[in-house]
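See structure below.
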2 protein chains.
Amino acid sequence: MTPKLKIFIVDDHNLFREGLLFLLSNSNLEADIYEAENGEQFLDKFQLINPDIILMDIEMPVINGITATYEALKINPELKIIALSMYGNENYYTEMIDAGAKGFLLKNSKFDDVRNAILDVYSGKNYFSPEILDGIIKNLNKKKYKKANYNLSEREVEILYNICKGLSNHEIADNLFISKRTVDKHRENILLKTQSKNTAELVVYAIKNKIFEV
Amino acid sequence: MTPKLKIFIVDDHNLFREGLLFLLSNSNLEADIYEAENGEQFLDKFQLINPDIILMDIEMPVINGITATYEALKINPELKIIALSMYGNENYYTEMIDAGAKGFLLKNSKFDDVRNAILDVYSGKNYFSPEILDGIIKNLNKKKYKKANYNLSEREVEILYNICKGLSNHEIADNLFISKRTVDKHRENILLKTQSKNTAELVVYAIKNKIFEV
DNA sequence: ATTTTTATAAGTAGAAACACGTACATCTAC
DNA sequence: GTAGATGTACGTGTTTCTACTTATAAAAAT
């Protein structure tokens with residue numbers, strides 16, 4: 001059904017590799033399996049093999065999964081790397097996504113999930129264990145939580161935005177065709193309302209409240 | 001196999017609702033289907049029905065999907081709402097996640113995806129169309145991209161960090177047990193190195209480069 | 001071993017920000 | 001129709017920042 005895949009398992013635990021190999025060969029996935037014990041071995045071998053899917057452990061001796069992923073993708077950006085992580089180490093996910101992993105599996109997943117991850121990533125999608133996905137979504141939520149409870153007027157927001165752009169009061173005045181003295185007053189009011197005591201705090205406030213985007 | 005679900009479809013396009021209803025009743029999902037034409041109708045009815053899954057369009061007259069989701073979850077935070085979106089409107093996803101949706105489906109998905117989304121979300125997971133997931137991941141990546149390529153010295157980073165906290169040069173000097181004039185000089189050098197022209201730009205630079213966290 | 005970078009400190013001056021006032025026209029809300 | 005918020009503008013200070021300069025010692029890099 002699916003073409004014969006070349007799957008590369010990078011993990012320092014022999015038993016884990018063997019188990020996964022067994023599961024893969026007893027599944028209906030046609031695959032050749034290659035192995036490495038750590039990131040260094042993998043980096044030495046992957047170019048000869050050119051695997052379709054790489055299952056990459058994160059915590060490994062010599063060269064860890066994050067570095068290995070990063071380095072391998074520098075050489076071949078098309079590589080499809082799925083991170084493998086112990087439960088509890090799921091916080092590595094940002095670093096692995098950063099490094100360029102296309103998927104993230106927890107080691108306590110069912111084999112069916114592994115299968116799905118392999119097929120999804122092979123077909124160009126991303127795959128993330130539900131627990132990881134949950135974390136990602138929660139994270140997105142968290143950051144947006146405190147928004148829009150400032151009581152600045154429209155004009156004040158406009159002034160603040162321009163302050164963040166690095167304009168001086170004089171420049172802002174020119175841009176908005178008002179007097180510099182007016183901008184002074186607005187700025188003063190904004191400082192009061194936001195309980196800031198200088199420009200630095202104003203900018204931090206603006207960014208926190210999504211008035212200015214970094 | 002699965003218990004009989006109560007599925008609530010909220011969408012202003014009759015044809016779309018009818019089509020989805022047909023597909024759901026011809027699938028192996030045992031479900032009672034309820035319908036509303038917009039967010040207002042939904043908000044009027046959902047408490048009586050107490051649905052297991054809500055498929056919620058985003059762009060609708062009177063009350064849109066984002067507001068409806070937000071309001072409904074205020075009343076019952078346990079509701080499992082899956083957002084439905086036209087291809088091209090996928091940028092609503094942040095707002096829908098924000099509002100509390102547990103899943104996000106594109107309307108050009110295959111019915112199988114709809115089925116999976118319903119089952120996943122019903123069982124407490126999140127479900128996101130691959131295209132959406134892609135967007136989320138890319139977004140995570142993007143933000144981390146430009147890091148650590150500043151050439152500020154350690155001391156300069158320290159000074160900059162303190163500037164972002166809203167301290168004046170004088171206060172920074174006191175904190176670090178150095179002369180205010182030294183801080184002045186550091187600040188000048190930082191402005192030069194970061195090609196900033198004032199405090200506002202400094203703070204933006206610091207946040208962009210993860211020297212200061214908002 | 002010598003050059004460069006870094007951290008420190010200071011003088012002088014002008015620009016900008018900050019703080020306190022006052023004032024008035026407009027618009028919204030009660 | 002009056003109260004409150006908003007946007008506009010000015011006066012007069014003080015404080016802080018910005019910009020130019022010089023200088024020394026230690027650390028790092030070449």
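Each chain gets a letter, A, B and so on, in the order the sequences are listed, and its residues count up from 1. In this text the structure is predicted, and so the values were computed from the model without any measurement.
Between the CD1 atom of Ile190(B) and the P atom of dT5(C) there is a distance of 17 Å, rounded to whole Å. dC18(C) atom P lies 12 Å from atom CG of Leu192(A), rounded to whole Å.
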B/S/- contact track for nucleotides 6-22 of chain D, protein heavy atom under 4.0 Å: SSBBBBB----SBBBB-

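For the pair Lys6(A) and Tyr34(A), the cation-pi criterion (under 6.0 Å, within 45° of the ring axis) is not fulfilled.
Closest heavy-atom contact between Glu40(A) and Ile63(A): N-CB, 3.7 Å.
Here the two rings, on Phe128(B) and Phe104(B), have centers that are 6.0 Å apart or farther.
Between Lys102(A) and Asp120(A) there is no salt bridge, since no side-chain nitrogen of the basic residue lies less than 4.0 Å from a carboxylate oxygen of the acidic one.
Judged as a side-chain contact (heavy atoms from CB on, under 4.5 Å), and not counting sequence neighbours, the contacts of Ser168(A) are His170(A), Glu171(A).
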